[in-house]
Amino acid sequence: MLAQLGFEKNCALTPARTALVFEGRRISYEQLNRSCNRLARALRNAGVRRGDRVAIYLPNSIAAVIGIYAVLKAGATFVCINRSVKPAKLCYTLHDCGVVAMLTDPGACSPSTLSALRSAAPDLRTIVLDAAEEDTQAACPGALSMASIERTVPSDPLEPANIDLDLACLVYTSGSTGEPKGVMCDHSNVTFAMQSIVEYLGNTHDDIILCVLPLSYSYGLYQVLMAHAFGGTLVLQRSFAFPEETLRLIAEERVTGLPGVPPMFATLIKMDLSSFDLSSLRYATNAAAALPTPHIAEFRRKLPHVLFHSMYGLTETKRTLHLPPDQLDARIGSVGIAIPGTEVWIEGRDGRRLGPGETGELVVRGRHVMRGYWNAPAASAERFRPGPIPGERLCYTGDLFRVDADGYFYFVSRKDDIIKTRGEKVSPREVEDVLHAIPGVSQAAVVPMDDPVMGQVIRAVLVADRSIVTARAVLAHCHARLEEFMVPRVVEFRDALPTTSSGKVHRAAIAG
Amino acid sequence: MQLEQLIRTYLCENILYLDEDSDYSNDTSLIGEGLIDSMGVMDLVSFVRIEYHIDVDQRDITTDNFDSVSKIAAYIRRKSGCDSLLVQRSDSSARATWV
């Protein structure tokens with residue numbers, strides 16, 4: 001089944017139901033579908049074809065949601081890119097996946113950025129701006145305006161162009177090799193993952209989901225796709241920057257589902273929640289990194305009527321494990337069992353399946369195992385390996401787990417150096433590459449540092465010529481090139497860095 | 001220096017780390033345009049608390065008060081009871097930095 005079909009089915013069944021709420025605007029399924037059809041037609045008219053990659057470089061917004069479905073309806077593959085990504089990484093991503101079209105806003109269209117994008121992505125022929133015609137032409141002459149498309153392009157449905165083995169989206173994720181990789185998600189992967197998650201969360205069309213997570217992040221993206229697949233309402237917010245507003249929105253919109261990441265819950269449990277009517281909340285989910293057990297306990301103390309789901313996953317399988325809320329007290333620290341319709345186990349270095357009490361790498365089997373990394377066969381072969389049935393893929397997660405006698409899994413550690421901060425994965429290599437580009441820096445190591453709210457933050461340790469390198473200059477350099485969560489919170493200078501016997505920088509020794 | 005300019009200078013030097021002031025307007029949505037994220041908001045709240053001795057209530061940390069230079073300036077003026085365009089920082093010394 002195609003990823004957009006659930007949404008389209010609900011557009012036909014309940015056209016008047018509210019599909020999306022954003023900054024006070026309420027959009028029905030029918031309105032949303034018509035806007036998506038218009039943009040899909042505009043993309044096709046501009047030459048976008050089946051399988052082409054289309055970037056969506058927007059903050060959480062109505063336009064971003066329209067963009068996702070429009071690209072799918074046009075038969076293409078969408079690539080959501082966090083709007084806080086800086087031009088150099090944007091260029092890298094657009095080049096890597098060879099985009100032919102991009103949906104963005106006038107703020108992203110400075111002459112220098114446009115020029116860099118055009119040379120990085122020579123196939124980028126079409127730019128669509130979430131703006132009125134006048135503003136569009138002022139920012140990017142020749143671009144298409146979403147406002148004009150909404151006014152002038154017919155909204156009748158398009159014939160589907162795909163089968164479910166075609167790619168629905170690429171989701172870029174950090175890897176230990178440094179450069180982000182695009183996880184190829186075909187329609188059947190996406191649809192299966194959605195159905196499995198909806199099953200264990202028990203979602204129905206009465207659910208109202210609040211999403212403050214960026215849609216560039218699969219956890220955020222699936223909130224959109226799932227809410228519309230089960231016929232519910234999605235309440236979208238730009239971010240969790242203003243927690244009071246989020247709580248007010250939960251109360252006003254009678255939100256039933258709250259997906260979050262550890263820093264959100266760490267913030268919420270410190271707030272006085274008593275002045276908000278949160279009685280509508282049915283469940284909350286945590287993913288991206290483990291929420292400390294005391295935080296779960298405090299959240300449940302403050303909101304005892306809310307079912308709390310601890311979950312674990314990685315972009316390569318979307319979601320992998322979930323802990324049923326009724327097991328929270330009995331399985332402290334566990335992230336649960338395989339999501340419905342899938343199988344997981346742990347393996348030792350020798351490929352042997354391990355039993356209770358042993359620690360090994362978590363291996364995942366199921367239709368949610370994605371198709372590999374775009375344009376990265378070696379990395380794909382490492383992560384996605386043949387399964388027991390010819391043609392099948394298993395995902396080797398790179399995370400070490402143990403399992404108890406009843407089959408519940410417990411995260412132990414990562415096999416690689418990836419740092420989890422603010423719910424995001426950061427490759428130390430990616431940050432170190434940026435640091436090494438600073439004139440005067442001879443060595444750089446990036447290690448995590450514990451933080452009570454963020455989980456971990458980034459610490460940069462440098463060997464540098466102090467006569468020309470200052471901490472402020474390092475931060476300025478990083479800020480111009482990295483997303484906020486990747487920018488070091490601490491910069492430290494040393495005379496030398498410890499090395500391993502093979503001469504590599506010894507990150508573990510630096511991290512202490 | 002105008003309050004708005006002081007806020008811009010702070011943003012420029014401590015959050016955006018730019019060598020010179022950027023071309024965003026005082027009404028630009030800092031979150032919407034991706035200039036700052038939730039960490040940046042926390043940083044701006046600390047700036048207002050420390051530099052202007054304003055006890056920022058949790059309930060005041062909203063889009064209406066913190067999502068643009070103009071809104072932050074209006075908030076500071078309202079809370080400090082000062083209508084003047086010229087609001088001096090409480091302390092001219094450099095802000096303690098964590099690096």
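So that the names make sense, note that chain A is the first sequence line, chain B the second, and so on, each numbered from 1.
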Chain A shares the most heavy-atom pairs under 4.5 Å, among B/Q58, B/M42, B/E13, with B/Q58

Interface check, chain B: of A/R83, A/E245, A/R238, most non-hydrogen pairs under 4.5 Å belong to A/E245

message = Is any side-chain heavy atom of A/N286 closer than 4.5 Å to one of A/M264?
response = no

| query | Can A/N82 and A/S84 be counted as having a side-chain donor-acceptor contact under 3.5 angstrom? | reply | yes

When the 4.5 angstrom heavy-atom criterion is applied to B/D64 and chain A, the contacting part is backbone

Would you check if the side chain of A/T470 reaches a backbone N or O of A/R466 as a donor-acceptor pair within less than 3.5 Å? no

Under 4.5 Å to a heavy atom of chain B? For A/D105 that would be side chain

Once the angle between the rings of B/F66 and B/Y75 is folded into 0 to 90°, is it parallel (under 30°), tilted (30 to 60°) or perpendicular (over 60°)? tilted

